[in-house]
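For reference, the structure discussed in these notes is given below.
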Number of protein chains: 2
Amino acid sequence: MTQRISVRDVADAAGVAIGSVSRVLNQSGYASESLRKRVMDAVQKLGYEPDFTARHLRTGHSRTIGYLLANIANPSLAAHLSEVERLTQAAGYSLLVGSSERQARDRELVAFFENRRLEGIIASPSFEYPDPADCPFANSKLPVVICDRAMGHDFDSVLIEHAKGLRRAMDYLLSLGHRRIALFVSSANLRPGREKLIGYQAALASAGIAYDERLIYMPNSWIESSGESMAEMLKLDEPPTAIIALGTRMLSGAIHVAREAGLDIPRDLSVIGIGIMSTLELMYPPLTVLRYNYEASAQLTVQLMLDRIAGDSPPGVRKLQVEWDLVIGRSCAVAAR
Amino acid sequence: MTQRISVRDVADAAGVAIGSVSRVLNQSGYASESLRKRVMDAVQKLGYEPDFTARHLRTGHSRTIGYLLANIANPSLAAHLSEVERLTQAAGYSLLVGSSERQARDRELVAFFENRRLEGIIASPSFEYPDPADCPFANSKLPVVICDRAMGHDFDSVLIEHAKGLRRAMDYLLSLGHRRIALFVSSANLRPGREKLIGYQAALASAGIAYDERLIYMPNSWIESSGESMAEMLKLDEPPTAIIALGTRMLSGAIHVAREAGLDIPRDLSVIGIGIMSTLELMYPPLTVLRYNYEASAQLTVQLMLDRIAGDSPPGVRKLQVEWDLVIGRSCAVAAR
DNA sequence: TTGTATGCGTTATCAT
DNA sequence: ATGATAACGCATACAA
């Protein structure tokens, strides 16, 4: 059983006091050249490394950030998490991940993060807690950065400009002459879905086209099938000539049904996908994509968090915005009629 | 500034000794009913929760597992990570994630995990360290579970049966009359690529078909393009009539080129994708998929780790295997000729 | 049965 | 400039 080496061992080996070792290693206080050298030699020889946990207990700095998200398997969230991990790692922080799809679990995880004295929480929870008194994040003493949620309480946030993005995608389709455009996005329970609908409606309004909710698919649960909904839409007197859909599940469900019905893309149906490129590349013809800029999103997220931890955030909360890129493929065509 | 409450506060409030509080909470040693009640009341009243870090320092149990992987953004790895997180969470463990694509970083992360006194390491590193003396994981005192890598040193491992899976996919294509089958998989540097090639070759051999390396694409880096390689293959005297390709990037690159060349799937080219369903659903016609069973993989991984932590692993290392599912879609057809 | 005291490995605050 | 020592918050061996 190889014993763990501590400051004590180093101090003994160097023939100095325990406190001196600490002072040399942390460059705090005075240390003569000779002492410094003796300590460093001993450290080198013994391969000493200060214990993180003990240091944490003493200083209160865990150098760890908690990342709470609904589901790691979601490719967009995973892409964001991946970038955040890279950036925090580079800044000397570790990431403790916790997935939660229930309010009770949100609460548990926040309590857990606090109990572990993490230094901050990055979260894109699956509920927006309209009542701040009831919000696990609002009641936390830890710095919190919220990703793409409109919480009841004001947090440092990174907000994706879904409305603008959808406006952009819609304007593109409208410019191709489409007037019946289906929308397949996530539930209105959360900001991403809500904002997308707003952008969609705004585009319609400014083009003078009536909003028809029969062209909208915004399921509250994942159980419902986007395919069935697409089938319904195709039965309408005036079926959609274009669709905008969140990738990959909703998009694929809808598209399959359309193709089974004999529709050609883009001749009979123009398609815009929403998400990250890597998971949408399988589409043929190459998909026109409203691309989620997860790199920018992660970068801003980490920036907000590190600023907050360092204490040099400006007063009040900051809300940063992230734009969408519209990547033109070959899945959209001029409307037939 | 709200002060943190400690055992001391609870002891004071309950009018008992500090040690008694601990004993009651950990159910260790004796405690009379009246004492237990007084302590529990005080705990309740103050909302006391034992500090994780202090407990960790004292007991040596961090209840945290490190998860080292190449890239969180890889959908298959993310799916596995997601399941592992769910299962470890349920068992009372947290997950500290670290991504690494370099040997030096592997080493750093292992050292880091050890320094933090994590209780184990789950890893699917991007290098297999043929020399155990040089392997960061082999030199670690922590329990290690390796996922789908053939390391130079023997570890508890979960191994995906790529060879069997490929054999299965190949036999399917061969039964449809294909004799020129292209293979697009990851580098032979790692087990997944190597084993797949072995299965591929075995199937050819038993069918009495000569191996033609011009039909193989196994890039060592991600810079090369699968599309260009596909273009080369299509120029051969006897071009492939079927391909098996890792999703999503390799697969999409190859397929796009084929389609641009006017080939119809499955009429002119049969296709089998490898990966998880959710990212492959965008294919049309519905893809025949060699499905990675990440649920089983994660379940076995966590099992191995928890057993090892609990100390009730059988002597020696355990190597568990995971099968592939071949999910039949409509992307394969009888060979034209 | 309960209280006291020591140690986990640090860092920080004192004296010296 | 350096050494001794307390404290972080807890668990535990030992004394009472």
Side-chain angles (χ1 to χ4, degrees), chain A residues 1-43 46-64 112 114-119, chain B residues 1-43 46-64 111-112 114-119 141:
Chain A
M1 193 61 202
T2 161
Q3 199 63 14
R4 192 178 176 80
I5 47 184
S6 75
V7 270
R8 191 153 246 112
D9 304 315
V10 176
D12 289 353
V16 302
I18 171 176
S20 301
V21 176
S22 181
R23 240 178 299 117
V24 168
L25 263 55
N26 297 302
Q27 325 216 28
S28 63
Y30 301 95
S32 74
E33 206 38 61
S34 78
L35 182 115
R36 158 168 276 106
K37 173 150 178 44
R38 279 198 298 166
V39 168
M40 291 313 270
D41 285 352
V43 165
L46 299 179
Y48 168 72
E49 229 174 321
D51 184 89
F52 212 101
T53 308
R55 169 178 285 175
H56 168 23
L57 180 63
R58 179 62 229 236
T59 63
H61 298 309
S62 65
R63 292 238 151 220
T64 306
F112 186 69
E114 284 179 340
N115 185 251
R116 288 217 161 186
R117 307 255 193 119
L118 301 198
E119 303 204 32
Chain B
M1 195 61 203
T2 158
Q3 198 63 13
R4 192 178 176 77
I5 46 181
S6 74
V7 270
R8 192 154 246 108
D9 303 314
V10 177
D12 288 354
V16 302
I18 172 176
S20 300
V21 175
S22 182
R23 241 177 299 119
V24 168
L25 262 56
N26 297 302
Q27 325 215 28
S28 64
Y30 301 93
S32 74
E33 206 39 60
S34 78
L35 181 117
R36 156 169 278 107
K37 172 148 179 48
R38 278 197 298 167
V39 168
M40 292 312 271
D41 285 353
V43 165
L46 300 179
Y48 168 72
E49 231 174 320
D51 183 88
F52 211 101
T53 309
R55 168 178 285 177
H56 168 22
L57 181 63
R58 178 65 229 240
T59 63
H61 298 310
S62 64
R63 291 241 150 217
T64 306
F112 186 69
E114 283 179 341
N115 185 253
R116 288 216 161 188
R117 309 256 190 115
L118 301 199
E119 303 205 31
K141 319 133 195 66

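In this text, all values refer to a predicted model and were calculated from it rather than measured experimentally. All chains are named by letter (A, B, ...) in the order of the sequence lines, taking the proteins before the strands, and each is independently numbered beginning at 1.
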Rounded to the nearest 0.5 Å, how far does [atom2] of [Y] lie from [atom1] of [X]?
| X | Y | atom1 | atom2 | result |
| --- | --- | --- | --- | --- |
| Ser20(A) | Arg38(A) | OG | CZ | 9.0 Å |
| Asp12(A) | Ile5(A) | CG | CD1 | 12.5 Å |
| Arg55(B) | Asn115(A) | CZ | CG | 8.5 Å |

Exercise. Please list, chain by chain and in numerical order, all residues satisfying ring pair (Phe, Tyr, Trp, His ring centres under 6.0 Å) with Phe52(B), sequence neighbours excluded.
Key: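 Partners of Phe52(B) under the ring pair (Phe, Tyr, Trp, His ring centres under 6.0 Å) test: Phe112(A).
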
Exercise. Could you check whether Glu49(A) gets within reach of a base, just the sugar-phosphate, or nothing at all, counting any heavy atom under 4.0 Å?
Key: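 Here Glu49(A) touches the backbone only, sparing every base.
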
Exercise. Pick base, sugar-phosphate or nothing for Arg117(B), based on heavy-atom distances below 4.0 Å to the nucleic acid.
Key: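 Sugar-phosphate contact only.
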
Quiz prompt | Qualifying residues under side-chain contact (heavy atoms from CB on, under 4.5 Å), relative to Ile18(B), sequence neighbours excluded | solution =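 Once residues adjacent in sequence are excluded, the partners of Ile18(B) under the side-chain contact (heavy atoms from CB on, under 4.5 Å) criterion are Val7(B), Arg8(B), Ala11(B).
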
Practice problem: Verify, without hydrogens or angle tests, whether Asn26(A) (side chain) and Arg23(A) (backbone) share a donor-acceptor contact under 3.5 angstrom. | Solution: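 No.
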
Quiz prompt | Heavy-atom pair of closest approach, residues Val24(A) and Met40(A) | solution =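 Nearest heavy atoms, Val24(A) then Met40(A): CG1-SD, 3.9 Å.
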
Quiz prompt | Heavy-atom closest pair, residues Val10(A) and Val39(A) | solution =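 Shortest heavy-atom contact: CG1-O, 4.3 Å.
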
Quiz item: Are any of the side-chain nitrogens in Asp51(A) or Arg4(A) under 4.0 Å away from the carboxylate oxygens of its partner?
Solution: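 A salt bridge links Asp51(A) with Arg4(A).
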
Quiz item: Do NZ/NE/NH1/NH2 and the carboxylate oxygens of Lys141(B) and Glu114(B) come within less than 4.0 Å?
Solution: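 Looking at Lys141(B) and Glu114(B), the cut-off is met.
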
Quiz prompt | No-hydrogen, no-angle side-chain donor-acceptor test under 3.5 Å, Thr64(B) and Arg116(A) | solution =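 The answer is yes; a qualifying pair exists.
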
Exercise. Answer with yes or no whether the side chains of His56(A) and Ser62(A) bring together a donor and an acceptor at under 3.5 Å.
Key: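 Absent: no donor and acceptor within the cut-off.
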
Self-check item: Nucleic acid contacts of residues 17-24 of chain B, taken as heavy-atom distances under 4.0 Å to DNA chain D
Solution: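 Close to the strand are Gly19(B), Ser22(B).
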
Quiz item: For DNA chain D, which residues in residues 50-61 of chain A have a heavy atom at a distance below 4.0 Å?
Solution: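 Leu57(A), Arg58(A) - these, ordered by number, are the residues of the stretch whose heavy atoms sit under 4.0 Å from the strand.
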
Practice problem: Could you tell me whether the phosphate oxygens of dT12(D), OP1 or OP2, come under 4.0 Å of any side-chain nitrogen or oxygen in Tyr30(B)? | Solution: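 The answer is no; no side-chain N or O of Tyr30(B) sits under 4.0 Å from OP1 or OP2.
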
Practice problem: Ignoring backbone atoms, test whether Ser32(A) places a side-chain nitrogen or oxygen under 4.0 Å from the OP1 or OP2 oxygen of dT2(D). | Solution: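 The answer is yes; a side-chain N or O of Ser32(A) sits under 4.0 Å from OP1 or OP2.
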
Practice problem: Using atom CG of Leu46(B) as one end and atom C1' of dG9(D) as the other, report the distance to the nearest whole Å. | Solution: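 Rounding to the nearest Å, CG of Leu46(B) and C1' of dG9(D) are 15 Å apart.
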
Quiz item: Within this structure, what is the CZ-to-P distance between Arg36(A) and dA1(D), rounded to whole angstrom?
Solution: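 It is 12 Å, rounded to the nearest whole Å.
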
Quiz prompt | Five-pair end axes of the helix from dT1(C)-dA16(D) to dT16(C)-dA1(D), angle between them (10°) | solution =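 Computed from the C1' atoms at both ends, the axes differ by 60°.
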
Exercise. Could you list where the contact with chain B starts and ends along DNA chain C, reading 5' to 3', using a 4.0 Å heavy-atom cut-off?
Key: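 Contact span on the strand: dT1(C) to dG9(C).
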
